[in-house]
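Everything below concerns the one structure shown next.
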2 protein chains.
Amino acid sequence: MIKKNAAKVGQQRDGETEQRILEAARTVFVRSGTSGARMQEIAEEAGVNQALLHYYFRSKEGLSQAVFRDAAGKMFPAILRTLGSDLSVDEKIDALVETYLDNVSRTPYLPGYILSELHYHPERITQVLGNITGTPEGGHIPETVRPLFDKLDRQLAEEARAGRMRKINSQQFVVNLLSLCVFPFAARPMLRAVLGLDDDAFARFIKERRKELPQYIRNAMRP
Amino acid sequence: MIKKNAAKVGQQRDGETEQRILEAARTVFVRSGTSGARMQEIAEEAGVNQALLHYYFRSKEGLSQAVFRDAAGKMFPAILRTLGSDLSVDEKIDALVETYLDNVSRTPYLPGYILSELHYHPERITQVLGNITGTPEGGHIPETVRPLFDKLDRQLAEEARAGRMRKINSQQFVVNLLSLCVFPFAARPMLRAVLGLDDDAFARFIKERRKELPQYIRNAMRP
DNA sequence: GTCTATATTGTGATAGAC
DNA sequence: GTCTATCACAATATAGAC
């Protein structure tokens, strides 16, 4: 109901400007971190004035939360959905490795940003992950996620009982899976410096991983 | 030759004050990140005045570099030494998992700090890792580290030839190893929130990992 | 070496015109 | 909705006494 007269000079229809600001903010926050980023830098990146950032997002805190929420909203739901699905264990491994590596390859600096944010602002996890996991206000996330891990535990137990896998608990299983997928991106600057991987070489490195990782992980749990 | 008359009031002998400042800085930088940290906060943590930080380290930049150099100097050399040693592949796996998990358990927030620093200040990698790896001024780190990976590649090729392992290249091998060791610490705040792991539960989680990881990794490469 | 006081710049945020 | 101008304070850094 608000934005009428969109034809008037200097006005943009819809949330176009807001969106441009949000994307600029993502770029800058991902590059410099929440405290390292400057509102001025974001304004320039978006091609607008600094005051406009405050008009749309009120404060730096508000803007950075919006960015983090978006970023986390891209990564976590997909992972949780896969882990909680009705796929078999083997299929979950395949699905997670493929979708994660494919998706993140397009935004390779996101994992580093997210892990850093979680490290320096752990209080944000609850806010953001609470929504994502559907945890009620003031609730405890682990309780909401519990059913997912319980289900995984049953699947893993059944595989072990049938002699198809060694016994492993769901937490270690998930952490192993995530470690092998996420770490190479989070440590990308290190790999670039130590192994000399430029953008192309890194992309090839990930492509190779995408092929070998499922086999690697399944093998690791053979009886 | 400088510090005489150490008995005089207000003076400390040796680098005691400098050391206290450095430790305080480590605490604060690891907790808040380089740009998030405040010199005032560090001064308080060290129990000295803010001007003293500049007396010893000239600038915030200087202090943060000193902290990062120390932190990286704790992690990387041990890893590189193990990987480049004369141990067999199996022994390297054991050694790296054990020493890494044991050492880092004492400073569990260091990996998150180091990865974040590398993400937001990739230029520091060259400065610091150059020294650690013994790369000459202006040299390229990968060339210095190359022999280490070449040696690993020969070992892995020999294992494959003898039918004891599947073929895997040294880069993927090392990244897998590091992923499984480092990620749980780097993602600790996330694991705390999602899995509900408090300090004790996390310590147990790592202890279990220390036991199972070598077997997991060896298994993953079985033919 | 260590302190207090202060200079100086950076930076988030707001007021108000258009 | 978007801009320019400016405020208010935070934060690094330095001067100089002790």
Side-chain angles (χ1 to χ4, degrees), chain A residues 1-29 31-68 117 120-121 124, chain B residues 1-29 31-68 120-121:
Chain A
M1 295 301 111
I2 294 173
K3 305 175 191 168
K4 300 198 174 185
N5 298 332
K8 209 176 140 196
V9 182
Q11 295 203 351
Q12 306 277 354
R13 67 186 178 293
D14 282 329
E16 201 198 300
T17 303
E18 186 171 355
Q19 202 54 35
R20 264 224 322 289
I21 291 175
L22 202 56
E23 278 164 31
R26 183 168 47 74
T27 302
V28 175
F29 278 125
R31 182 175 55 217
S32 308
T34 299
S35 33
R38 298 292 160 238
M39 295 294 270
Q40 172 58 20
E41 202 184 347
I42 296 172
E44 280 168 20
E45 180 83 25
V48 299
N49 189 278
Q50 194 177 337
L52 216 53
L53 309 191
H54 289 91
Y55 174 79
Y56 280 108
F57 295 92
R58 225 206 60 198
S59 65
K60 182 184 180 181
E61 173 68 18
L63 186 49
S64 66
Q65 280 196 21
V67 168
F68 182 66
E117 278 307 292
Y120 294 131
H121 308 280
R124 288 200 174 165
Chain B
M1 295 302 108
I2 294 173
K3 305 175 191 169
K4 298 198 173 183
N5 298 332
K8 208 174 140 197
V9 183
Q11 295 202 350
Q12 306 278 354
R13 67 185 176 294
D14 282 328
E16 199 198 301
T17 302
E18 186 171 355
Q19 202 54 34
R20 264 223 323 287
I21 292 175
L22 202 56
E23 277 164 33
R26 181 168 50 73
T27 302
V28 175
F29 279 126
R31 181 174 57 219
S32 307
T34 299
S35 30
R38 298 294 159 234
M39 295 294 270
Q40 172 57 22
E41 204 185 345
I42 296 172
E44 279 168 20
E45 179 83 27
V48 300
N49 189 278
Q50 195 178 336
L52 217 53
L53 309 190
H54 289 89
Y55 174 79
Y56 280 107
F57 296 93
R58 224 208 59 201
S59 65
K60 183 184 179 181
E61 172 68 18
L63 185 49
S64 66
Q65 280 196 22
V67 168
F68 181 66
Y120 294 131
H121 309 280

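Side-chain atoms are counted along with the backbone in the values below, which use heavy atoms only and exclude waters and symmetry mates. Throughout, a chain's letter reflects where its sequence line sits, starting with A, and its residues are numbered from 1.
Between D:dT2 and A:Y56, a contact under 4.0 Å exists linking OP1 or OP2 to a side-chain N or O. Contact between the side-chain N/O atoms of B:R38 and the OP1/OP2 oxygens of D:dA10 is not found at any separation under 4.0 Å.
Computed from coordinates, the A:L52 CG to D:dT4 P distance equals 11 Å when rounded to whole Å. Taking atom CD of B:Q40 as the reference point, atom P of D:dA11 lies 9 Å away to the nearest angstrom. The nearest whole Å value for the distance from the CG atom in B:L53 to the P atom in D:dT14 is 13 Å. Rounded to an integer number of Å, the gap from CZ of A:R20 to C1' of D:dT2 is 11 Å. We find that OH of B:Y55 is positioned 17 Å from P of C:dT4, with the value rounded to whole Å. At whole-Å resolution of the value, CZ in A:F57 and C1' in C:dG12 are 16 Å apart.
Screening residues 42-51 of chain A for side-chain hydrogen bond (donor to acceptor under 3.5 Å, both in side chains) gives A:Q40-A:E44 as the qualifying pairs, with residues at least two apart or on separate chains.
Checked against salt bridge (charged side-chain N to carboxylate O under 4.0 Å, His left out), B:R26 has no partners two or more places apart in sequence or in another chain. For the salt bridge (charged side-chain N to carboxylate O under 4.0 Å, His left out) test, no residue two or more places apart in sequence or in another chain qualifies with B:R38. Partners of B:R58 under the side chain to side chain donor-acceptor pair (under 3.5 Å) rule, at least two apart in sequence or in another chain, do not exist in this structure. Under the side chain to side chain donor-acceptor pair (under 3.5 Å) criterion, A:S64 pairs with A:R124, sequence neighbours left out. With sequence neighbours left out, A:T34 forms a side chain to side chain donor-acceptor pair (under 3.5 Å) with A:E117.
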Review item, nucleotides 6-9 of chain C N/O atoms under 3.5 Å of protein N/O:
none

Would B:L22 and B:L63 count as a side chain to side chain contact (heavy atoms under 4.5 Å, CB included) here? Give the steps.
CA-CA 8 Å; B:L22 202 56; B:L63 185 49; 4.2 Å; yes

I'd like to know whether A:Q19 forms a side chain to side chain contact (heavy atoms under 4.5 Å, CB included) with A:Y56, so could you lay out the CA-CA distance, the side-chain angles of the two residues, the decisive distance to 0.1 Å, and finally the verdict.
CA-CA 10 Å; A:Q19 202 54 35; A:Y56 280 108; over 6 Å; no

Which parts of nucleotides 13-18 of chain C does protein reach within less than 4.0 Å, heavy atoms only, written one letter per nucleotide 5' to 3' as B for base, S for sugar-phosphate only and - for none?
BBB---

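Side chains of B:E18 and B:F57 form a contact here, defined as non-hydrogen atoms less than 4.5 Å apart.
Residue contacts for A:A37: at a heavy-atom cut-off of 4.0 Å it reaches the sugar-phosphate backbone alone, with no base atom in range.
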